[in-house]
Amino acid sequence: QVQLVESGGGLVQAGGSLRLSCAASGRTFASYAMGWFRQAPGKEREFVAAISWNGGSTYCADSVKGRYTISRDNAKNTLYLQMNSLKPEDTAVYYCAAALHTIVVITTTRRANAKEYDYWGQGTQVTVSS
C-alpha cells in the first residue's frame with residue numbers, strides 16, 4: 001500500500017497563494033494517477049484536481065480552474081497543488097489521493113468520485129480569511 005502525507009497548508013488572506021505538497025512512500029508512485037480533494041466543515045468531500053501518471057493530463061474542478069495548478073514530480077515522489085487568488089470559499093481540509101487505475105482520472109465522472117481512489121493522506125488545513 002501507499003502512504004501519503006500532505007503539507008503546506010496554513011492561513012492566508014484572500015487573494016494570496018499557497019502551495020500544497022503530498023509526499024508519497026513506496027517505489028511505485030510514478031504508476032499512480034493522483035488527485036486532490038477538499039472538505040469543509042459540514043460538507044462532503046469535493047473534487048479539486050487530478051493528474052495522470054506521467055503528468056501529461058491535468059483536470060480541475062470548475063470552481064478552481066484558472067486559479068489552481070496540479071503537478072507532480074515523480075523523481076521526488078511528490079504531488080503538488082499551487083493555489084493562487086485564494087477565496088474564503090476555498091477554506092477546507094485538503095487531501096491528496098492515489099488511484100491505482102489511471103482510467104479513473106481520465107474519466108470525468110470517476111475522477112470526481114472519492115470512492116474511486118485507493119489511498120488517502122491525512123489532510124492539511126487551508127484557511128482563507130476575507
Side-chain angles (χ1 to χ4, degrees):
Q1 60 183 32
V2 176
Q3 294 186 46
L4 305 172
V5 180
E6 302 95 334
S7 62
L11 175 64
V12 63
Q13 292 185 340
S17 299
L18 285 174
R19 188 182 74 166
L20 305 184
S21 298
C22 174
S25 66
R27 301 177 181 177
T28 60
F29 173 78
S31 67
Y32 287 88
M34 302 291 293
W36 286 99
F37 287 75
R38 65 187 183 186
Q39 188 166 22
K43 297 184 178 180
E44 294 185 344
R45 193 161 296 188
E46 175 190 20
F47 171 74
V48 175
I51 188 168
S52 60
W53 72 272
N54 63 352
S57 299
T58 60
Y59 311 90
C60 289
D62 289 341
S63 60
V64 305
K65 192 171 297 182
R67 299 188 298 120
Y68 289 17
T69 302
I70 186 171
S71 62
R72 67 192 297 164
D73 187 338
N74 288 345
K76 296 181 178 179
N77 288 350
T78 303
L79 174 74
Y80 302 99
L81 184 68
Q82 179 66 47
M83 305 185 295
N84 298 325
S85 301
L86 284 164
K87 306 173 182 179
E89 64 197 70
D90 294 319
T91 295
V93 176
Y94 282 70
Y95 299 88
C96 68
L100 179 60
H101 304 291
T102 303
I103 188 67
V104 168
V105 167
I106 66 176
T107 302
T108 302
T109 56
R110 296 185 69 181
R111 64 172 171 259
N113 183 2
K115 294 182 178 180
E116 293 280 7
Y117 293 78
D118 301 291
Y119 304 101
W120 292 85
Q122 84 291 345
T124 186
Q125 177 70 48
V126 172
T127 303
V128 184
S129 61
S130 60

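Everything numeric in this text was worked out from a predicted model, so none of it was measured.
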Exercise. Can you find a heavy atom in the side chain of S63 that is under 4.5 Å from one in the side chain of E46?
Worked result: yes
Problem set entry | Closest approach of V64 to C60 (non-hydrogen atoms, all atoms of both residues) | CG2-CB, 4.1 Å
Exercise. Would you say the side chain of M83 lies within less than 4.5 Å of the side chain of W36, judging by non-hydrogen atoms?
Worked result: no
For this session: Determine the minimum heavy-atom distance between A23 and T78, stating which atoms define it.
Result: CA-OG1, 4.5 Å
Exercise. Nearest 0.5 Å, what's the CG-OG distance between N77 and S25?
Worked result: 8.5 Å
Exercise. Same cluster or not: are V12 and Y94 linked, directly or through other Ile, Leu, Val, Met, Phe, Trp or Tyr residues, by side-chain heavy atoms under 4.5 angstrom apart?
Worked result: yes
Problem set entry | Heavy-atom closest pair, residues S130 and A14 | CA-CB, 4.4 Å
Exercise. OH/Y68 to OG1/T58 distance, rounded to the nearest 0.5 angstrom?
Worked result: 15.0 Å
Exercise. Do V2 and L81 sit in the same hydrophobic cluster, where Ile, Leu, Val, Met, Phe, Trp and Tyr count as joined when their side-chain heavy atoms come under 4.5 Å apart?
Worked result: yes
Problem set entry | CG-OG distance between L79 and S71, expressed to the nearest 0.5 angstrom | 7.0 Å
For this session: Could you grab the distance from atom OH of Y80 to atom CE of M34, nearest 0.5 Å is fine?
Result: 12.0 Å
Exercise. Which pair of heavy atoms, one from G9 and one from L20, lies closest together, and at what distance?
Worked result: N-CD2, 3.5 Å
Problem set entry | From T107, I106, I51, residue fulfilling side chain to side chain contact (heavy atoms under 4.5 Å, CB included) relative to Y59 | I106
For this session: Using atom types as modelled and distance alone, determine if a side-chain donor or acceptor of T91 lies under 3.5 Å from a backbone N or O of V128.
Result: yes
For this session: Check for a donor-acceptor pair, side chain of Q122 on one end and backbone N or O of E6 on the other, with a separation under 3.5 Å.
Result: yes
Exercise. Near Q3 CD, under 6.0 Å, is it more than 12 heavy atoms from other residues, nucleotides or ligands?
Worked result: no
For this session: Quick one: sort the Y119 and Y32 rings into parallel, tilted or perpendicular, breaks at 30° and 60°.
Result: perpendicular
Exercise. Can a salt bridge be assigned to the pair K87 and D90 using a cut-off of 4.0 Å between side-chain N and carboxylate O?
Worked result: no
Exercise. With hydrophobic residues grouped by side-chain heavy-atom distances under 4.5 Å, do W120 and V104 end up in a single group?
Worked result: yes
For this session: Please check if L86 and I70 belong to a single hydrophobic cluster, counting links between Ile, Leu, Val, Met, Phe, Trp and Tyr side chain heavy atoms closer than 4.5 Å.
Result: yes
Seminar exercise, completed: For L4 and C22, the nearest pair of non-hydrogen atoms, with its separation, is CB-SG, 3.8 Å
For this session: Determine whether V126 and V48 fall in the same hydrophobic cluster, where Ile, Leu, Val, Met, Phe, Trp and Tyr are linked whenever their side-chain heavy atoms lie under 4.5 Å apart.
Result: yes
Exercise. At their closest point, which heavy atom of S17 faces which heavy atom of N84, and how far apart are they?
Worked result: OG-OD1, 2.9 Å
Exercise. Can any side-chain N or O of R111 pair as donor or acceptor with the backbone N or O of E116 at less than 3.5 Å?
Worked result: no
Exercise. So do the side chains of V105 and Y117 get within less than 4.5 Å of each other, counting heavy atoms only?
Worked result: yes
Exercise. So, the side chain of N74 versus the backbone of W53: is there a donor-acceptor pair under 3.5 Å, distance only?
Worked result: yes
Seminar exercise, completed: The reported gap from SG in C96 to CZ in R72 (rounded to nearest 0.5 angstrom) is 11.0 Å
Seminar exercise, completed: So CZ of R38 and NZ of K43: to nearest 0.5 Å the spacing works out to 8.5 Å
For this session: Check whether any side-chain N or O of S52 sits under 3.5 Å from a backbone N or O of S57 as a donor-acceptor pair, and report yes or no.
Result: yes
